Amino acid sequence: MPKTLLRLSVNGEDHDLAAAPHKTLLEVLREEMGLTGTKHGCELGECGTCTVLVDGRPVLSCLALPIELEGRAITTVEGLAGAGRLHPLQQAFAELGAAQCGYCTPGILLTARALLADNPRPTRQEIREALAGNLCRCTGYTKILDAVELAALRSAGGA
Amino acid sequence: MRGVGKERFTVVGQPLPKIDAWAKVTGETRFADDLSLPRMAYGKLLRSPHPHALIRRVDTGRARALPGVYGVLTGLDLPRVKFGILPVSQDEEALCTEKVRMVGDAVAAVAAVDEETAERATELIDVEYEVLPPLMSIEDALGRPEVRIHEYGDGPNVHKAVSLEFGDVESAFARADLVREDVFYFEGNTHLPMEQHSALALWGPDGKLTLWSSTQTPHYVHRLLGQILDVPPAHIRVIATPNGGGFGGKLDPFAHEIAACKLSQVTGRPVKITLTREEVFYVHRGRHPVLMWVRTGVTRQGEILGMHFRTWLDGGAYGSYGVASTFYTGALQTVTYRVPAYKFEGARIFTNKPPCGPKRGHGTPQPRFALECHLDKIAGELGLDPADMRRRILAEPFTKTANHLTVTTIGLGECIDRVVLASGWRDKVGQLPPGRGIGIACSSYLTGAGSAIYWNDMPHSGVVLRADRSGGVAVLCGAIDVGQGSDSILAYLVAEVLGIDPKDIRVHAADTDLTPVDLGSYSSRVTLMCGNAAIQAAERLRGLLLGAVAAKLGVAAEALAARGRRIGLADDPDRSVSFAEAVVLAESIHGVLAVPGSYAPPKRAGKYKGGGVGPSPCYSYTACVVELEVDRETGGVRIDDVWIAHDVGRALNPLLVEGQVEGSVYMGIGEALMEEQVFRKGLHKAPSLLEYKSPTTLETPEIHTILVETDDPEGPFGAKEAGQGPLLPVIPAIANAVHDAIGVRIDEVPITPDKILTGLRRKREGKPARVGPERLPRFTFPPPRIVESAFGQPADGVAPRPFQGGEEGRP
Amino acid sequence: MLRLPPFTYRGARTVGDALTYLGDAGPDTMLVAGGTDLYPNLKRRQFEPKVLVGLSGIRELDGVRGSADAGFVIGALTTLRRVAEHPGLRAAFPALGTAAGLVSSPQLRNMGTIGGNVCVDTRCNYYNQTQQWRKAIGFCLKKDGDICLVAPGSPRCWAVSSSDTAPVLWSLGATARLCGPEGERLVPVAALFQDDGIAYLAKRPDEILTELRLPPAAGTRCAYLKLRRRGSFDFPVLGVAVALQMEGGVVRAATIVLGAVASQPREAPAAAALLAGQRLTPELIAAVAVAAARPSKPLDNTDFTHPYRKQMTRIFVARALRRLAGLPESPRDEEEVA
Ligand SMILES: Cc1cc2nc3c(=O)[nH]c(=O)nc-3n(C[C@H](O)[C@H](O)[C@H](O)COP(=O)(O)OP(=O)(O)OC[C@H]3O[C@@H](n4cnc5c(N)ncnc54)[C@H](O)[C@@H]3O)c2cc1C
Ligand code: FES
Ligand code: FES
């Protein structure tokens with residue numbers, strides 16, 4: 001299959017690359033761009049592990065085609081932190097032990113970031129609902145919910 | 001532990017972040033599938049579509065001819081040795097040569113330029129099968145002895161049959177006020193780590209092999225590769241990559257690991273094989289489906305006089321850890337409550353399904369479910385409060401059980417008291433409105449298996465510490481962190497002993513070239529065994545440092561303390577040197593500062609066949625209360641709250657312990673209510689994350705975790721396990737709460753809505769309000785091996801190994 | 001990793017583009033909107049199109065217009081999330097927002113469209129499997145095989161209609177606008193489907209669903225209930241959509257549509273007829289629920305047992321009606337309250 005030239009905006013930088021049109025965003029990020037922070041657990045839309053942000057909204061990279069995403073802002077876990085500084089969610093996840101094996105963590109961080117952007121002070125139930133599309137087999141979600149709450153609290157307090 | 005006052009811990013007991021937390025939250029952690037090497041080829045396995053068939057012919061010609069294919073293997077390209085994780089069950093081939101025993105058995109492997117080409121090539125391999133009758137259940141397998149899945153075992157399709165009697169159970173029943181019998185079934189389920197297994201092999205031009213793999217047991221994989229590939233073990237290096245969840249699912253050596261190695265040799269390229277989700281379901285080694293029968297004789301107060309337990313395990317197509325699993329279904333019934341006389345019979349049956357093995361709690365959640373529901377029914381019959389009854393019949397600390405297990409500290413009494421109080425049990429049990437219920441259950445689990453899977457006198461865990469002139473310390477240890485935080489625990493323990501900050505420590509783990517052997521991340525052994533080895537090494541290193549500083553300051557080493565990155569007189573901060581200076585002083589005297597620590601568990605196995613399964617340095621204890629609501633029209637169960645108290649000995653980092661408890665509760669809820677690994681027409685019915693139901697945030701309740709500390713003498717600074725035990729009581733607590741809610745017994749896991757409705761209907765119709773197995777297999781267990789009950793005997797003293805004790809400060 | 005098969009992708013900017021591309025490429029062409037249904041199917045090789053015509057760039061089909069009084073027009077490319085969160089729609093037709101908001105997961109609702117949801121492929125647990133799995137079991141009628149593995153004696157495919165929004169749109173009397181090479185036509189959503197697991201859409205393959213139109217909301221009260229194992233991810237294994245035209249306390253007309261019990265949404269007209277001209281009493285609701293469960297004939301090809309799904313039809317219909325009547329969820333609660 002011949003490759004198509006693509007310009008993707010990933011983590012605030014434009015990248016020119018060539019990929020066959022049937023390559024999903026997940027494959028292009030991991031295999032063409034070396035951004036292996038985006039993980040995968042099913043490649044069928046059934047787990048949320050591969051979540052990235054497109055224009056700030058969480059989407060499943062395993063079901064997204066880069067060819068449809070030219071001109072859109074793609075954010076992966078590698079782009080979550082500012083230069084040399086962690087996002088408050090990353091800080092809270094690290095401090096509270098919300099990442100056990102850490103495999104679901106990138107997808108959950110990005111989903112949570114979109115939540116906090118829409119709703120800076122979510123209730124615990126709202127956090128549960130926002131994260132209902134991200135499976136985690138390690139944590140029982142408890143520390144994840146705690147960490148999102150903590151990050152929200154700190155962000156609201158200007159931290 | 002000498003030198004570190006437990007009341008003055010600085011690192012231990014703190015809720016610190018894990019040392020790898022930063023890498024995990026930034027996506028920096030490199031899991032196996034994240035690795036790639038120049039010229040890397042992608043591998044794929046061709047798997048059997050038949051549950052049971054003879055292989056007549058394999059023709060790889062068309063696959064080899066496909067452009068982009070670098071290499072194709074069949075079993076004939078591998079040395080013809082069968083393997084298996086346990087020496088007694090060497091029954092697997094990486095690529096089957098004569099026979100396939102399940103859908104998913106690998107028969108050929110391809111390496112190609114990319115995954116698509118590799119996959120297309122597997123489709124071009126022609127395999128001629130002669131289909132055999134599939135045996136898909138225990139009944140099938142026992143009912144058709146003329147069809148044999150394996151030629152070995154304790155009878156046709158019987159992998160293992162065991163029978164042990166400790167004390168006179170029948171006479172105990174004769175004395176009892178009540179003898180009760182119950183039957184239970186626990187459906188199989190699987191680990192479902194979010195990371196799909198992956199392996200990358202590089203067979204270098206020097207003939208040396210390196211394998212990166214998402215394995216929980218790099219050491220066993222190393223040993224196995226040495227046995228079945230034509231390469232000396234000394235030329236093999238296995239590096240375990242951080243596991244994206246394991247739960248026991250990455251504990252066997254797998255076909256894809258072996259195939260990746262061999263493909264790398266024949267293609268001269270690095271080869272990576274990453275399993276698909278469906279393949280992970282077939283690789284399995286998860287929870288055995290177990291049918292159980294239990295009879296217990298008790299006094300009017302609920303005191304157990306004798307217990308007889310029978311289990312039938314549906315083992316699947318291979319041995320795996322199954323012999324151990326079989327014994328585990330009978331081993332730990334005795335460590336929670338006083339059981340003076342105990343009889344256990346168990347049988348593991350081969351079927352044409354993916355092999356079962358060790359999943360979180362290995363072999364013990366099933367009998368725990370049965371036992372705790374059985375006890376609840378006994379309490380009901382006797383009119384006793386189930387929490388109080390359990391509280392009264394607890395095992396005695398520092399004694400032996402009927403089946404010769406030595407228990408040390410037991411915090412179960414406190415655990416029960418705490419969950420009873422926290423949950424408001426007394427105001428709720430039997431008093432909640434219809435449809436709402438509350439239930440309790442208890443459990444216990446090993447802190448590390450007392451025996452290795454192969455017999456030897458060497459350490460089970462080793463650690464090497466290397467102190468650097470910079471003041472940093474490197475910890476080398478063979479254990480792999482599977483997410484539970486074992487790397488961090490090592491850093492905390494070493495930091496505590498050396499008086500430095502965990503940040504000053506780097507942990508280099510799980511590389512068979514660089515790190516001393518650790519047997520693996522299973523049986524909740526890592527914190528205790530690696531932890532004790534790390535403490536031994538750190539104390540030796542501290543001895544060297546203190547000695548050197550003492551010489552410099554002209555004081556006695558005993559007067560010195562290591563704290564706050566300094567070593568010096570405890571009461572005179574002016575007379576001290578920095579940790580880095582201390583290293584320079586010590587290195588000037590002793591040369592390179594690299595010290596080992598070793599650990600092996602006490603030799604306490606009962607002197608009977610099978611006595612090696614069950615012993616552990618110490619046991620964790622858990623009590624759990626669940627409150628839930630049953631929708632009596634739909635049969636749906638909503639769990640509202642879980643209170644769980646866990647005796648962890650000592651919480652080295654309470655955050656990590658809570659995380660383990662919460663994760664265990666989560667997995668227990670999934671198993672109790674929805675997860676099941678079931679088959680249809682020989683195939684896995686639902687090998688996907690959509691149809692294998694794993695609870696989401698919306699099904700996971702608030703979990704109230706209470707940590708109980710008993711300071712066990714066997715554990716590192718008193719710690720016991722936390723990663724598996726807390727799963728065990730959750731499942732029966734749910735079943736008991738369902739009974740409290742609707743007066744129906746669901747004696748079968750998972751407790752699904754249609755079973756609940758069936759139970760309610762039976763209750764309405766005046767039939768027994770129970771759903772569960774009605775029949776037991778026709779099976780004659782071997783005559784029992786009669787062993788004297790060791791119940792109530794005091795715990796034995798421990799004979800230290802040559803590499804333990806008396807050697808402090810002299811590496 | 002599961003990967004997509006190779007295809008050529010043609011991104012349309014207008015409906016006209018899309019029709020042209022469809023016409024150009026012939027039978028091996030498929031439309032794709034959000035791709036959340038199609039791409040998993042392609043990865044499992046349930047379809048192997050040579051060309052995909054992408055609709056996601058068609059701006060004119062994205063968005064909701066109208067009002068409760070005038071009725072609404074929902075562009076087929078509107079994401080499920082936007083449908084679920086649209087304040088006007090939510091107020092006028094809460095059942096639609098509920099149904100859209102219950103589809104799979106939050107991520108998927110950011111991608112999946114309402115048009116795709118109406119056209120979503122039928123499901124069966126002998127069919128929604130990888131190619132290797134289906135090959136091992138011998139393939140089925142719906143793809144590559146010649147028998148239905150659920151009902152081997154049957155000449156047809158019994159895959160299950162699994163859309164959440166379709167039963168609701170049907171119950172609300174929505175119409176679909178279809179554009180094809182010969183022009184456009186409006187068809188009631190009720191006429192968009194047929195009871196066949198393979199040819200489940202009555203629309204022609206060269207027609208594009210462009211809009212869904214909802215009538216004025218006056219007097220309509222509606223509810224949607226969904227049965228599934230988990231609160232997220234899972235497809236409906238039973239959906240119950242109820243719409244009532246109310247006049248005072250009296251039901252003027254009622255529509256009850258069941259999802260996921262047949263290869264198309266299944267209306268229960270006999271049950272609905274019992275409601276006409278009546279007040280919603282607990283007794284009437286119980287009788288209607290029994291009647292509504294009659295057309296529910298699930299087979300053993302989804303999650304849960306099929307007798308259970310059948311049994312739940314009655315409960316869910318009763319619950320939906322009780323909710324609209326302002327009664328407690330189950331009669332049992334009522335007894336306990338009383
Ligand atoms: C894990 C998972 C869970 C899911 N759960 C649910 C669920 O709970 N409920 C549910 O209803 N669905 C569910 N879905 C299915 C699907 O995601 C949704 O139905 C979604 O709305 C489909 O929309 P789409 O735009 O992504 O469709 P696409 O995948 O783009 O298309 C689906 C089909 O419709 C056709 N099509 C799309 N748009 C048009 C159009 N405008 N005109 C003509 N034909 C068109 C396509 O050719 C294709 O055949 C789930 C999917 C996954 C992967
Ligand atoms: S990898 Fe599972 S949803 Fe994308
Ligand atoms: S931390 Fe392991 S899957 Fe979430």
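In what follows, chains carry the letters A, B, and so on, assigned in the order in which the sequence lines appear, proteins first and then strands, with residues in each chain numbered from 1. This one's a predicted model, so the numbers in the text were calculated from it and none came from an experiment. Only this structure's heavy atoms are used, side chains among them; waters, hydrogens and symmetry mates stay out.
- Atom CZ in B:Phe247 sits 3.5 Å away from atom SG in A:Cys138 (nearest 0.5 Å).
- In this structure, A:Arg128 contributes its side chain and B:Thr697 its backbone to a donor-acceptor pair below 3.5 Å.
- The candidate with the highest count of non-hydrogen atom pairs below 4.5 Å against chain A, out of B:Asn243, B:Ile703, B:Leu192, B:Leu16, is B:Leu192.
- With rounding to the nearest 0.5 Å, the separation of OG in B:Ser688 from CD in A:Glu43 is 12.0 Å.
- For the set A:Ala132, A:Pro106, A:Gly97, A:Cys104, the count of heavy-atom pairs under 4.5 angstrom toward chain B peaks at A:Ala132.
- Under the 3.5 Å distance criterion, the side-chain polar atoms of A:Thr36 are left unmatched by any main-chain donor or acceptor of B:Asp34.
- Using a 4.5 Å cut-off between heavy atoms, B:Met194 touches chain A through backbone and side chain atoms alike.
- In this structure, chain A has no heavy atom under 4.5 Å from any part of B:Asn653.
- The greatest number of non-hydrogen atom pairs below 4.5 Å with chain B, out of A:Ile144, A:Leu135, A:Thr105, is found for A:Leu135.
- Each of B:Leu656, B:Val280, B:Asp33 has some count of heavy-atom pairs under 4.5 Å with chain A, and the biggest count is that of B:Asp33.
- A 4.5 Å side-chain heavy-atom check between B:Leu655 and A:Lys143 finds at least one atom pair inside the cut-off.
- Heavy atoms of B:Glu115 lying under 4.5 Å from chain A are absent altogether.
- Judged by distance alone, with hydrogens and angles left aside, the side-chain atoms of B:Lys18 form a donor-acceptor pair with the main-chain N or O of A:Ala99 at under 3.5 Å.
- Ranked by heavy-atom pairs under 4.5 Å with chain B, the first of A:His87, A:Glu31, A:Glu129, A:His40 is A:His40.
- Scanning both residues, B:Trp22 and A:Ala94, for their nearest heavy atoms gives CZ3-CB, 3.2 Å.
- Using a 4.5 Å cut-off between heavy atoms, B:Val482 contacts chain A through its backbone alone, with no side-chain atom that close.
- Note that CG of B:Leu689 and CG of A:Leu44 are 8.5 Å apart. Values are rounded to the nearest 0.5 Å.
- If you check the side chains of A:Gln100 and B:Glu662, you find no donor sitting under 3.5 Å from an acceptor.
- The CD atom of B:Glu195 sits 8.5 Å away from atom NZ of A:Lys39, with the distance rounded to the nearest 0.5 Å.
- Atom CD in A:Glu78 sits 8.5 Å away from atom OG1 in B:Thr26 (nearest 0.5 Å).
- Counting only heavy atoms from C-beta outward, the side chains of B:Ser694 and A:Arg137 approach each other to under 4.5 Å.
- Between chain A and the residues B:Gln484, B:Glu691, B:Glu675, B:Glu699, the largest count of heavy-atom pairs under 4.5 Å involves B:Glu675.
- Between chain A and the options B:Glu278, B:Arg30, B:Lys24, B:His191, heavy-atom pairs under 4.5 Å are most frequent for B:Lys24.
- In this structure, no portion of B:Glu28 lies under 4.5 Å from any heavy atom of chain A.
- Two residues are said to be in side-chain contact when any heavy atoms from C-beta on lie closer than 4.5 Å; A:Gln125 and B:Leu698 meet this criterion.
- Atom OG1 of B:Thr696 is separated from atom OH of A:Tyr141 by 6.0 Å, given to the nearest 0.5 angstrom.
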* To do: Mind running salt bridge (Lys or Arg N to Asp or Glu O under 4.0 Å) on A:Arg124 and B:Glu702 for me, showing each step along the way?
  => CA-CA 10 Å; A:Arg124 206 162 166 93; B:Glu702 290 300 323; 2.8 Å; yes
